[in-house]
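Below is one structure; the comments refer to it alone.
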Amino acid sequence: MTQLVGAGAAKPRDIAVAASTEFGVPLFDLDALPMDLEITRLVTDKLLAKHRCLPMFRRGKRLFLGVSDPTDLYAIDEIKFQTGMSVDAVVVEDDKLQKLVDKAIEGAEQQMPDLGDDEGMELDALEVSGGEDLETEGVSRDDVEDAPIVRYVNKLLLDAIRRGASDIHFEPYEKTYRVRYRMDGVLKEIAQPPVQLAGKMSARLKVMSRLDIAERRVPQDGRIKMKLSKTRAIDFRVSTCPTLYGEKIVMRILDPSSAMLGIDALGYEPFQKDLYMKYLAKPQGMILVTGPTGSGKTVSLYTGLNILNKEDTNISTAEDPAEINLPGVNQVNVNNKVGLTFASALRAFLRQDPDVVMVGEIRDLETAEIAIKAAQTGHLVLSTLHTNDAPQTLTRLVDMGVKPYAIATSVSLIIAQRLARRLCMACRQPIDVPAEALRKEGFPEEEIAKGMQLFGPRGCPACTDGYKGRLGLYQVMPVTEDIGRIIMAGGNAIDINDAAKKAGVWDLRRAGLAKVQAGMTSLEEINSVTID
């Protein structure tokens with residue numbers, strides 16, 4: 001038909017009327033219906049250009065497709081497969097159809113948020129670990145290889161790395177779709193791509209993460225490795241969760257260089273650092289790091305492992321998943337589906353002559369008991385728990401079912417931690433706080449008497465709301481003989497906390513106030529992350 005029109009042998013209108021009459025397909029004038037970009041986005045740009053067709057309107061699960069050649073059944077079947085809808089062909093004039101197809105593709109590109117200049121890096125050629133080449137129901141190869149989507153997703157990941165984000169949130173809603181970065185512990189909305197792109201972006205991220213793109217009913221976990229240069233690669237830990245209007249995807253950014261910063265960069269007070277180093281040097285015992293998700297537990301553990309990682313030391317870790325790759329450390333990914341649990345991995349480690357064992361998290365009694373036995377039999381064990389502070393960690397182990405005497409004889413050090421936003425040194429401003437208010441906040445009387453200058457946030461182009469980066473707040477509590485007796489006597493977290501204070505252990509609040517006094521963060525920020 002295109003050849004007939006091009007040769008001037010027939011007019012597009014005459015051909016459309018003849019095709020409608022011959023094949024019994026409805027005839028439609030494209031001038032009578034304004035183009036709806038939301039409807040056209042149901043079909044990928046590649047298919048629109050390949051088959052010269054145009055989705056015009058829909059009725060429930062029926063899609064009405066404008067075509068100039070109603071005999072092209074292959075095009076109708078491919079679009080039916082891609083959309084998951086029943087497709088009814090409608091004959092339209094070829095010249096008008098071509099113009100609207102071009103306009104639809106151009107409109108889609110304009111809808112895509114501005115990618116901006118990327119300093120010469122080829123976004124569509126960026127090296128990332130790929131998944132299997134899947135082509136499943138409702139998701140075609142065009143969805144996951146669509147060049148604008150590939151470039152846009154890569155751009156979002158690169159921007160997150162450059163802006164120092166710790167997490168990326170992709171969130172679908174009924175009429176909107178938003179992307180947020182967590183920067184310095186606070187979520188900030190970065191972009192609102194068209195909601196029609198939600199499915200394509202989810203498919204792209206799941207393929208990059210080696211996840212099943214056809215499974216949208218249950219949560220999935222995966223990871224992505226993005227190679228930025230010959231010497232630097234960034235890992236993303238990916239979690240998907242089905243919501244009312246699609247899949248929410250959250251990506252945790254894992255920078256291996258963070259584990260190489262050294263203990264001095266983590267923000268320990270000098271006496272806290274000395275305690276951590278002292279117990280890392282012991283040949284046996286258990287060091288537990290506790291805190292909520294995103295509080296920096298992993299970096300603390302990996303920093304300790306990096307200190308211990310020497311030629312004469314055999315280190316094995318069981319993680320879910322292994323977040324940072326450490327050469328010289330034998331890392332195992334837990335896989336419950338095949339029976340590779342924390343407990344089974346620990347049993348295997350103990351048969352392989354370990355010096356240091358790291359368990360990603362103690363979640364159940366079986367794992368706790370094996371870890372404690374390892375700590376009691378000449379091994380140094382490092383692990384994490386989810387509790388509010390160090391004293392509650394000991395009572396949490398008792399609640400799990402671990403015998404009190406086993407806890408007292410195996411756990412040697414507990415580190416509770418939080419992350420607080422660091423004041424921007426370029427724009428922080430001094431603030432005056434009355435002495436009475438300082439007393440109520442918990443500052444020591446002798447420090448108030450000496451006089452202190454506190455600082456607050458201001459905000460400048462180099463920071464985010466007056467803050468730039470984060471610092472750690474730590475409670476480093478050795479399990480002393482007195483605390484061991486309290487545990488075996490059935491004491492609670494309050495009794496343990498009182499004994500720790502007598503031994504000179506700072507709680508998280510006291511550690512935070514020290515950072516405020518040093519001008520590193522604000523009193524407002526410490527009040528938001530610690531309890532007075």
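For clarity, every value in this text was computed on a predicted model and none was experimentally measured. Below, all heavy atoms of this structure are taken into account, side chains as well, without hydrogens, waters or symmetry copies.
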Pair [X] + [Y]: basic N to acidic O under 4.0 Å:
X      : Y      : value
Asp482 : Arg485 : yes
Asp465 : Lys188 : yes
Glu269 : Lys515 : yes
Lys440 : Glu436 : no
Arg422 : Glu525 : no

Which atoms form the tightest heavy-atom contact between Cys427 and Gly459, and what is the distance?
SG-N, 3.4 Å

Should we say atom [atom1] of [X] is surrounded by more than 12 heavy atoms from elsewhere, each under 6.0 Å from it?
X      : atom1 : answer
Phe271 : CZ    : yes
Gln429 : CD    : yes
Leu365 : CG    : yes

Looking at Leu413, Ile415, Ile483, which one forms a side-chain contact (heavy atoms from CB on, under 4.5 Å) with Met477?
Ile483

Verify the distance criterion only: is there a donor paired with an acceptor across the side chains of [X] and [Y] at less than 3.5 Å?
X      : Y      : result
Gln220 : Glu215 : no
Thr176 : Gln192 : no
Ser300 : Gln417 : yes

Honestly, is Lys155 close enough over Tyr152, meaning NZ or CZ under 6.0 Å from the six-membered ring centre and within 45° of the axis?
no

About how many Å separate CD of Gln284 and OG of Ser410, when rounded to the nearest 0.5 Å?
10.5 Å

